[in-house]
2 protein chains.
Amino acid sequence: MARLPFSQQVRQAREDAIVDAVNRLLAGKGFDLMTMDEVAGEVGIAKASLYKHFDSKEALAAAAMKRLLGRAEVELDRIAARDGLDALGRLKAVVHWTMTVQLAGEMPSLPSQNSSLRAALMADMDYMTLLMGVSERLSSWILAAQADGALSPKVPPEVVLYTLFARACDPVLAVLKAGGHPDDQVIDWVMATTFDGLSAR
Amino acid sequence: MARLPFSQQVRQAREDAIVDAVNRLLAGKGFDLMTMDEVAGEVGIAKASLYKHFDSKEALAAAAMKRLLGRAEVELDRIAARDGLDALGRLKAVVHWTMTVQLAGEMPSLPSQNSSLRAALMADMDYMTLLMGVSERLSSWILAAQADGALSPKVPPEVVLYTLFARACDPVLAVLKAGGHPDDQVIDWVMATTFDGLSAR
DNA sequence: GTCTATATGAAGATAGAC
DNA sequence: GTCTATCTTCATATAGAC
């Protein structure tokens, strides 16, 4: 590992702090309601300084999403390395992790319909590469689970994938948590509805 | 039925047109990205005229939501009047209807985290009354379906209710539709994931 | 790179004539 | 009630000194 020059380490640390704040704000109020003033305030620097590190508000959100996807990769590695987990078990572990992240207030939820943001993300090659990487690893587990007969044959892999992504930012979690239920309980319930469905088995 | 004075009929028609436009815009881009200029433009009147009918942007959104809830009541009546539907069948019919509305581009989705809007809605007694009315009717069907043994005993009624509401604005629908799949197919898939779950039965 | 101060533009809401 | 024109606020982004 080559050591970076000290000045670059400082810069990196500052940018991490910025992305931390962005991540928190995105999780708490979403992209549209997050303001650059708030970000600067949380980090404790001037708003203009933000723009020395990131070109735009969209770039900030992209940075948070890229970090999240990077962490997802790490988590996928960890899950893949676990013993005694079949494909379905791995998918459940992934969903469990995303729900834990969300309940911890660390899931940057990008309200799904913002054109400027969507355009910026789709034009960001690093982001797209990370997203596809995660999607493909999940897809391979989905296919394996279907081959095992563990996943419903009625639902195509594509639909399973989107459903897993959707559960990662499911607003039901926040509502139940606000209702006073402990995190573990909330996760158990939503895991049950996701994998077993509402109907009795 | 007492006839309203002509002038009031005109006013009513105009307000319906306004709420139509708001409903469409809320479904298409959400509350935060909808602007009063757009609403006025869609209706074909001046922005200032909007404010002669509705006090604020929040009031516009509330009007759209109230009309939706009113329509939901009508739909619940219709479903309740159908022959040969047990409680679970009724719940499925409700979800089917909400998904149809969403795919038709008529589901005003209020991004779940907007404090000014949430506050306005919670302070709107008419809205709250309608919301509670719908919630209670759904809850009674949920309880009945659970008594039938048709719903999973692992999931409390409260969780079922929130899940049904969440499916009404599930972004997965739009993604699948954008993927080129016909509406019926999309609905079948999401109905299957909602009630039967992702795991094989 | 960090700051203060400011440019620029967008959007909610209003004034006042008709 | 409808319009045009305007007010006000606020948020993204930038200028320019240090």
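Here is the naming used below: chain letters follow the sequence lines, and residue numbers restart at 1 for every chain.
A search for side chain to side chain contact (heavy atoms under 4.5 Å, CB included) contacts involving B:D37 returns B:T35, B:K47, not counting sequence neighbours. Under the side chain to side chain donor-acceptor pair (under 3.5 Å) criterion, B:E75 pairs with B:R78, sequence neighbours left out. Taking the side chain to side chain contact (heavy atoms under 4.5 Å, CB included) definition, one finds that B:S116 meets it with B:E58, B:N114, sequence neighbours left out. The side chain to side chain contact (heavy atoms under 4.5 Å, CB included) check on B:K177 picks up B:L103, B:D183, with sequence neighbours excluded. Every residue two or more places apart in sequence or in another chain that forms a side chain to side chain contact (heavy atoms under 4.5 Å, CB included) with A:A64 is listed here: A:V19, A:V22, A:N23, A:L26. For the side chain to side chain donor-acceptor pair (under 3.5 Å) test, no residue two or more places apart in sequence or in another chain qualifies with A:D126.
The interatomic distance linking B:I18 (CD1) with D:dT2 (C1') rounds to 12 Å, in whole Å. Whole-Å rounding puts the A:L50 CG to D:dT14 P distance at 13 Å. For B:L33 and C:dA11, the CG to P distance is 9 Å, given to the nearest whole Å. As a whole-Å value, the separation of A:H53 NE2 from C:dG1 C1' is 7 Å. Atom-to-atom, NZ of B:K29 to P of C:dA11 comes out at 9 Å; the value is rounded to the nearest Å. A:F54 has its CZ atom 16 Å from the C1' atom of C:dT2, to the nearest Å.
Within the structure, ring pair (Phe, Tyr, Trp, His ring centres under 6.0 Å) pairs that include any residue of residues 180-201 of chain B comprise B:H181-B:W189 (at least two apart or interchain).
At a non-hydrogen distance threshold of 4.0 Å, nothing from residues 119-127 of chain A comes into contact with DNA chain C.
Under the 4.0 Å criterion applied to side-chain N and carboxylate O atoms, A:E106 and A:R24 are not assigned as salt-bridge partners.
Residue B:R11 places at least one side-chain N or O closer than 4.0 Å to OP1 or OP2 of D:dG1.
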Exercise. For nucleotides 12-18 of chain C, just jot down a letter per nucleotide in 5' to 3' order: B, S or -, based on protein non-hydrogen atoms under 4.0 Å.
Key: BBBB---

